[in-house]
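One structure, as structure tokens, below. Some questions next.
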There are 2 protein chains.
Amino acid sequence: MSQHSGSEPEVVEERSGPKTERGRRTLRRLLDAAGEEFGARGYHDTAISNITQNAGVGLGTFYVYFKSKEEVFRALVADMGARTRHAMTESTRGAHDRLEAERLGIQAFIEFVRSHKALYRVVMEAQFVAPEAYRAYYRTFAAAYRQQLAQAASRGEISEGQDDEVRVWALMGASSFLGIRYGIWDAETDSGSVAAAASDLMINGLAPRAQKDKAPK
Amino acid sequence: MSQHSGSEPEVVEERSGPKTERGRRTLRRLLDAAGEEFGARGYHDTAISNITQNAGVGLGTFYVYFKSKEEVFRALVADMGARTRHAMTESTRGAHDRLEAERLGIQAFIEFVRSHKALYRVVMEAQFVAPEAYRAYYRTFAAAYRQQLAQAASRGEISEGQDDEVRVWALMGASSFLGIRYGIWDAETDSGSVAAAASDLMINGLAPRAQKDKAPK
DNA sequence: TCGGAACCTGAATGTTGACTCATGTTTCAA
DNA sequence: TTGAAACATGAGTCAACATTCAGGTTCCGA
């Protein structure tokens, strides 16, 4: 999962980056504009000219910084991956144990999607526009998540599952769908209650609770 | 959530369908071809001429049966929705209770995706190509699922959750991701084990098992 | 066996938009 | 001060379709 495997002649070729301050500013403008436009209209309905106009630069300038339309898109996806992981790490930092971290993580994810609707759309569309970037996004995420689970299990905070890869994908899927449902389609519902209900499911499962002491009302 | 709200002048307009056997055969050919092509190359990289060639009909024939490229696509999504729900219903028919149904459902879903890789891709791409069809797909699915959960809860087979809508979306998300991960990206892993591991999570949750009687090995 | 409905066809049209390139302009180290 | 590297530009190129249309062909009931 190292970023630069170095043997493929592809992709890599890192443009060494703008040399001047002016260049760096223009690059950032283009990236921000691309994020906005792709996020709002989708990859195929976005023209390079939309991006350059939004960025306030000439059409040709785009190709000074990117080799193709797809390249910006990929850059955006990679950037979002880093940002998402960062947000997750931050949000669960204060958690007392993994079960609490799960709840905090779900809530943080919904909030994150809400405040990055456009960019999150880009990530999802990557599944079709830049499949390799999409897979990398989730592979990387899954690897980190799996490690969290393994550590928590060894601390006895969660059960030893039958297969952590499966658990991780199920958990990512749950969060992802909740992100769409409550982050994008319906951004009104309180994210705390959603996270509470969801983490209750993820932590205790569907199985009926062992009849504790249901105090008669 | 009724299918035909009846006030929008849109979409509906049901082409009454082919009148002759020849027509019905051509329509089916076009639909099958569209499914194959869209599934293999994606919506935007598929040309109408790809579809008509695959179907073995003239280019113009396409427009005898569909108003536009998007229309076939929508038809395909709707068709897949029906097929998926049908497969799920069938697979869980023999379940003894809802917990068992969950396991069977997850496994059946993975199998279903495996045997309809192309078509399933179409469903996912609908999120960007035909968002309304995509939402309808999941809304319909969620409604049916919610009802299952509510009935199971009233029978005491599962816990009363805090919010069934949330549970349903978390569960759909989990299955969906497992479908991608083990149905499309890796179709080798035994779907039974995946479903077992996943349903263990969905049923019992992450929480450590109450220390029963761990028989010393 | 006739007429019209249903169906079929592919060349032509028109648009769109990614990408190129020849020509500037700006920056900055020497 | 200067020249070359870095950056900026937008008109023009070119290929790729989606959709139309005018003119067939096939089918079938009367």
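Naming: A, B, ... by sequence-line order, numbering from 1 per chain. Just so we're clear, the structure is a prediction, and the values are computed from it rather than from any experiment.
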(request) Give every residue pair that meets the side chain to side chain donor-acceptor pair (under 3.5 Å) criterion with at least one member in residues 109-133 of chain B, sequence neighbours excluded. (result)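 Applying side chain to side chain donor-acceptor pair (under 3.5 Å) to every pair that reaches into residues 109-133 of chain B, excluding sequence neighbours, yields B:Glu111-B:Ser191, B:Glu132-B:Arg139.
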(message) By the side chain to side chain donor-acceptor pair (under 3.5 Å) test, which pairs, at least two apart or in different chains, include something from residues 94-106 of chain A?
(response) A:Arg98-A:Glu102, A:Glu102-A:Tyr145
(request) Name all residues meeting the side chain to side chain donor-acceptor pair (under 3.5 Å) criterion together with A:Asn54; count only those two or more places apart in sequence or in a different chain, and write none if there are none. (result) A:Glu36, A:Glu37
(message) Measure CD1/A:Ile51 against P/D:dG10 and give the value in whole Å, please.
(response)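 It works out to 17 Å between those atoms.
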(message) Rounding to an integer number of Å, can you tell me how far B:Phe66 CZ sits from C:dC7 C1'?
(response)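 Distance, rounded to whole Å: 14 Å.
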(message) Counting only heavy atoms from other residues, nucleotides and ligands, does the tally under 6.0 Å from CZ of B:Arg28 exceed 12?
(response)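 Counting neighbours around CZ of B:Arg28, 12 or fewer heavy atoms of other residues, nucleotides or ligands fall under 6.0 Å, so no.
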(request) Only counting residues at least two apart or in another chain, list the ones meeting side chain to side chain donor-acceptor pair (under 3.5 Å) with A:Asp45. (result) none
(request) Please name all residues satisfying ring pair (Phe, Tyr, Trp, His ring centres under 6.0 Å) with B:Phe62, sequence neighbours left out, ordered by chain then number. (result) B:Phe66
(message) Short of 4.0 Å, heavy atom to strand atom, which residues of residues 55-62 of chain B count as contacting DNA chain C?
(response)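 The stretch gives B:Val57, B:Gly58, B:Leu59, B:Gly60, B:Thr61 as the residues lying under 4.0 Å from the strand, ordered by number.
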Output one line per pair: protein atom, nucleotide atom from nucleotides 1-7 of chain D, and distance, for all N/O pairs under 3.5 Å.
unit_1	atom_1	unit_2	atom_2	d
D:dC7	OP1	A:Lys19	N	2.8
D:dC7	OP1	A:Thr20	N	3.3

(message) Would you call the rings of A:Trp169 and A:Tyr138 parallel, tilted or perpendicular, taking 30° and 60° as the class edges?
(response)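 The arrangement is tilted - the two ring planes meet at 30° to 60°.
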(request) Output the residues of residues 29-49 of chain A in contact with DNA chain C, where contact means a heavy atom of the residue under 4.0 Å from an atom of the strand; sort by number or write none. (result) A:Thr46, A:Ala47, A:Ile48
(message) If you compare all heavy atoms of A:Val113 against all heavy atoms of A:Gly179, which two are closest, and at what distance to 0.1 Å?
(response)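 Minimum heavy-atom separation between A:Val113 and A:Gly179: CG1-O, 3.6 Å.
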(request) Quick one: which residue pairs count as a salt bridge (Lys or Arg N to Asp or Glu O under 4.0 Å) with a foot in residues 185-198 of chain B, not counting sequence neighbours? (result)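 Output for this query lists B:Arg181-B:Asp186.
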(request) Measure the OG-CG distance between A:Ser199 and A:Leu178 for me, rounded to the nearest 0.5 Å. (result) 10.0 Å
(request) Would you kindly give the CD-to-C1' distance between B:Gln53 and C:dC8, to the nearest whole Å? (result) 16 Å
(request) Would you please name every residue forming a side-chain contact (heavy atoms from CB on, under 4.5 Å) with B:Ala196, sequence neighbours left out? (result) A:Gln162
(request) State which residues pass ring pair (Phe, Tyr, Trp, His ring centres under 6.0 Å) with B:His44; sequence neighbours excluded, sorted by chain then number. (result) A:His44
(message) Please report the end-to-end axis angle for the helix from C:dT1-D:dA30 to C:dA30-D:dT1, five pairs per end, rounded to 10 degrees.
(response)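 Axis-to-axis angle, ends of the helix: 10°.
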(message) Working to the nearest 0.5 angstrom, can you tell me the gap between A:Leu76 CG and A:Tyr43 OH?
(response) 11.5 Å
(request) Using whole Å, report how far OH of B:Tyr63 lies from P of D:dG23. (result)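 Rounded to whole Å, this separation is 21 Å.
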